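Data block below; observations after.
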Amino acid sequence: MTLARWTAVDEYYGKLLMPPDAQLESALEKSNAAELPAINVAANQGKMLMLLAQMQKAERILEIGTLGGYSTIWLARALPAHGKLITLEYEQKHADVAGENIKNAGLSGKVEIRVGSASDTLPALVGEKCPPFDLIFIDADKPGYADYFKWAMKLARAGTVIIADNVVRDGEVVNPNSQDERVQGIRNFNEVVTAEKRFCATAIQTVGSKGYDGFIIGMVTE
Ligand code: SAH
Ligand code: DHB
Ligand code: MG
């Protein structure tokens, strides 16, 4: 099976299940125009994130890695009126594009973008002693994942759902000798996840218009 076939199936289900959406399409167009990399989640994965947040009745969501705010918009749409999403982004330019896109989607009141490395903004969040998050989406630089997961556990409660994107990388994740720092980042993350007895997780491989990848999803148990 080929990328062309996977893309055709994404398009088929996209038409059936995801009606044209001016806010999300505009977010991708503006991100493209600003030359952000097209590494946002696919529409079907974005909708899955929204549905998971709704199933979880999430009122507080944390995202690590904003880019142009595409996944942010999907997630923030799941929030009730008083809900809040905090999204962490290293690049000021990405945060600026995301801020515009989130505003165009009418979600500025619920979304706060914090600019800086998540390795700094996560400890700062812990220092604020804010209430725990109900759902945490890890999707920033892969070498940081292990560290971000440790901080995420401190910002969670029993029942918090944690999702980490891009944990398969064309299957390279099984190669212990990979020279790709992103693959090694995921492998380090997997060691930390495995050692964390308070987190019960599974890994799901995906194919589609974005190629062959996957995500880890799990729940904090205590
Ligand atoms: N979640 C987005 C895609 C995120 S791409 C979506 O699906 O729409 C990964 C993002 O992480 C990029 O914008 C990149 O600038 C950001 N990033 C990279 N290193 C980071 C760090 N140390 N802290 C926070 N964000 C970082
Ligand atoms: C990359 C990062 C992502 O978050 C993604 O979804 C795809 C690719 C990357 O860094 O290559
Ligand atoms: Mg990703």
Side-chain angles (χ1 to χ4, degrees), residues 3 10 21 23-32 34-50 52-53 61-77 85-102 105 107 111-125 135-152 155 162-173 178-186 189 203-217:
L3 179 65
D10 265 358
D21 188 311
Q23 294 168 350
L24 286 165
E25 279 156 30
S26 152
L28 291 183
E29 279 162 22
K30 297 241 162 68
S31 299
N32 247 331
E35 295 180 333
L36 269 50
I39 55 175
N40 53 277
V41 295
N44 57 353
Q45 195 185 346
K47 190 164 182 183
M48 181 193 74
L49 291 172
M50 180 187 80
L52 286 169
I61 298 174
L62 175 63
E63 176 178 67
I64 308 168
T66 317
L67 192 64
Y70 182 78
S71 56
T72 318
I73 292 171
W74 275 113
L75 282 165
R77 282 180 177 176
L85 184 154
I86 297 179
T87 184
L88 310 180
E89 173 54 51
Y90 179 68
E91 298 283 350
Q92 181 68 54
K93 180 181 162 183
H94 297 185
D96 290 345
V97 173
E100 276 297 308
N101 289 335
I102 289 159
L107 293 164
V111 177
E112 181 187 340
I113 307 175
R114 296 195 179 187
V115 181
S117 176
S119 54
D120 299 322
T121 50
L122 284 167
L125 259 177
L135 185 146
I136 302 175
F137 179 48
I138 304 177
D139 192 23
D141 57 307
K142 313 314 165 193
Y145 268 36
D147 186 43
Y148 305 156
F149 177 74
K150 289 179 198 162
W151 289 108
L155 292 160
I162 302 179
I163 304 150
D165 195 26
N166 311 118
V167 303
V168 174
R169 312 236 46 137
D170 280 320
E172 264 300 290
V173 69
S178 173
Q179 298 299 304
D180 186 335
E181 63 168 14
R182 295 168 301 184
V183 171
Q184 292 301 343
I186 296 300
F189 166 73
I204 300 293
Q205 305 185 62
T206 57
V207 294
S209 58
K210 298 269 174 186
Y212 169 35
D213 212 324
F215 56 88
I216 276 181
I217 180 166

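Predicted, not measured: the structure shown is a model, and the values here were computed from it. Read the numbers this way: they start at 1 and go in the same order the structure lists the ligands and their atoms.
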The Mg ion (ligand 3) -> D165, closest N, O or S atom is OD2
For the Mg ion (ligand 3), the nearest N/O/S atom on D139 is atom OD1
Short N or O distance, [X] and ligand 1, threshold 3.5 Å exclusive:
X	value
G69	no
A118	yes
N40	no

Distance filter under 4.0 Å to [X] heavy atoms, resulting ligand 1 atoms:
X	value
D139	1 (N), 2 (C), 3 (C), 4 (C), 5 (S), 6 (C), 7 (O), 9 (C)
T66	2 (C)
E91	15 (O)
I39	3 (C), 5 (S)
L67	2 (C), 3 (C), 4 (C), 5 (S), 13 (O)

**Asked** Closer than 2.8 Å to the Mg ion (ligand 3), do we get an N, O or S atom from D213, backbone or side chain?
**Response** no
Backbone or side-chain N/O/S of S71 under 2.8 Å of the Mg ion (ligand 3): no
Could you tell me whether the side chains of [X] and [Y] share a donor-acceptor contact shorter than 3.5 Å?
X	Y	answer
D141	Y148	yes
D96	Q92	yes
D165	Q45	yes

Kindly say whether [Y] contributes a backbone atom to a donor-acceptor pair with the side chain of [X] at under 3.5 angstrom?
X	Y	result
D10	G208	no
E89	V115	no
Y145	I138	yes
S178	V183	no

Exercise. Taking 4.0 angstrom as the limit, do D21 and R77 come out as a salt bridge?
Worked result: yes
Does any non-hydrogen side-chain atom of [Y] lie less than 4.5 Å from one of [X]?
X	Y	value
I217	I162	no
S71	E63	yes
K30	E100	no

Please say whether more than 12 non-hydrogen atoms of neighbouring residues, nucleotides or ligands are located less than 6.0 Å from CZ in F149. yes
- Are more than 12 heavy atoms from other residues, nucleotides or ligands located less than 6.0 Å from atom CD of E112? yes
Here the atoms of ligand 2 under 4.0 Å from any heavy atom belonging to D165 are 6 (O)
In ligand 2, the atoms that come under 4.0 Å of a heavy atom of K142 are 2 (C), 3 (C), 4 (O)
Quick test: of every protein heavy atom, which one is nearest to [atom], and how far off is it to 0.1 Å?
atom	value
atom 19 (N) of ligand 1	D141 OD1, 3.1 Å
atom 11 (O) of ligand 2	R182 NH1, 2.8 Å
atom 3 (C) of ligand 2	N166 OD1, 3.0 Å
atom 2 (C) of ligand 1	S71 OG, 3.3 Å

What do you reckon, does Y148 put a non-hydrogen atom under 4.0 Å from ligand 1?
yes
From [atom], work out which of [options] has a heavy atom at the shortest distance.
atom	options	answer
atom 7 (O) of ligand 1	I64, V41, V115	V41
atom 16 (C) of ligand 1	E89, K93, E63	E89
atom 26 (C) of ligand 1	W74, Y70, Y90	Y90
atom 8 (C) of ligand 2	E181, R169, K210	R169

In short, A43 meets W74 closest at the heavy-atom pair O-CZ2, 3.8 Å
